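Before any comments, here is the structure.
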Amino acid sequence: MSCPPISFYRRPTEVVARDLVGKKLVRTIRENGRIFRLAGTIVETEAYGYSDDPASHACMGPTARNRVMFGDVGRAYVYFTYGNHFCVNVSARSSTIEAGAVLIRGLEPVEGIEIMKKLRPVDDAFSLTSGPGKLTQALNISSALNGVDMTNPESELHIEFGISKSIRIMATPRIGITRAVDRKWRFVDPASPYVSRRIQIKAI
DNA sequence: CGCTCGATATTCT
DNA sequence: GAATATCGAGCGA
């Protein structure tokens with residue numbers, strides 16, 4: 001399976017966020033000469049912009065943490081938050097904007113599910129990858145992967161075209177933020193149970 | 001089920 | 001020093 005090319009990510013961030021729903025996030029782990037594939041279909045994303053978006057890490061300009069949002073598109077922006085969790089984004093923006101990224105908030109597990117369960121032992125199957133901090137744990141994603149090329153199938157973390165099926169995609173306000181809360185830059189597959197905080201969908 | 005609250009480290013003021 | 005693109009335990013209904 002091939003990867004969406006760089007040009008896919010060189011479009012308005014919210015358009016990329018919408019189109020990433022249904023694609024596949026793939027984590028390959030090389031260990032003792034063997035290769036494990038952990039993968040899931042993306043079911044929930046959020047777009048984060050530049051200076052016009054007060055909720056974005058990039059709104060005050062480049063810093064050591066957010067520099068990937070200002071660099072080449074199609075790269076992994078991984079950051080640590082709340083003292084406990086990693087979150088993974090893909091840098092994406094049109095050529096007229098200086099920064100932007102898409103947060104991946106939910107996955108439907110497809111490959112390597114038994115390994116995911118070892119990396120993240122939970123009783124409830126839906127709690128495996130239904131949240132930005134959960135899926136990074138299940139796929140063993142940390143800041144070591146910050147900046148990797150997500151358009152390269154050789155990368156330890158990349159994005160592939162998903163199964164070609166038409167799915168309904170719904171736009172809602174972003175969650176877990178305190179600023180620009182009215183902007184509908186969260187995109188979900190409402191049919192998937194692997195969406196974080198499902199109650200937020202019904203409220204729209 | 002749904003809500004409140006505390007943990008915990010990095011980042012920025 | 002304050003805030004944070006979160007999670008899970010604990011509680012009440």
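Because the structure is predicted, anything quoted here is derived from the model rather than measured. Below, each value reflects all heavy atoms present in this structure, side chains not excepted, and no hydrogens, waters or symmetry copies. Protein chains get the first letters and strands the later ones, always in sequence-line order, with residue 1 at the start of each.
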| query | For the side chain of A/Y48, counting heavy atoms from C-beta on, which of C/dT4, C/dC7, C/dA5 is nearest? | reply | C/dA5
| How many Å lie between CG on A/L103 and P on C/dA5, as a whole number? | 10 Å
| said: Is there a side-chain contact between A/R120 and the phosphate of C/dG8, meaning an N or O under 4.0 Å from OP1 or OP2? | reply: yes
| request: Report yes if at least one side-chain N or O of A/T81 is closer than 4.0 Å to OP1 or OP2 of B/dT10; otherwise report no. | output: no
| Whole-Å distance between C/dT4 P and A/H57 NE2? | 10 Å
| query | Whole-Å distance between B/dC1 C1' and A/D124 CG? | reply | 13 Å
| task | Check the angle between the aromatic planes of A/Y79 and A/H57 and answer parallel, tilted or perpendicular using the 30° and 60° thresholds. | result | perpendicular
| message | When you measure only distances, ignoring hydrogens and angles, does the side chain of A/N84 come within 3.5 Å of the base of B/dT8 through a donor and an acceptor? | response | yes
| message | Is A/R105 close enough to C/dT6 that one of its side-chain N or O atoms is under 4.0 Å from OP1 or OP2 there? | response | yes
| said: From NE2 of A/H85 over to C1' of C/dC7, roughly how many Å is that when rounded to an integer? | reply: 4 Å
| Watson-Crick or G-U wobble partner for C/dA5, using a 3.5 Å limit on both distances? | none
| query | Considering only side-chain heavy atoms of A/T63, which listed nucleotide, B/dC12, C/dA5, C/dC7, is closest? | reply | B/dC12
| remark: Checking C/dA5, C/dG8, B/dT13 against the side chain of A/M60 (C-beta onward), the nearest is B/dT13
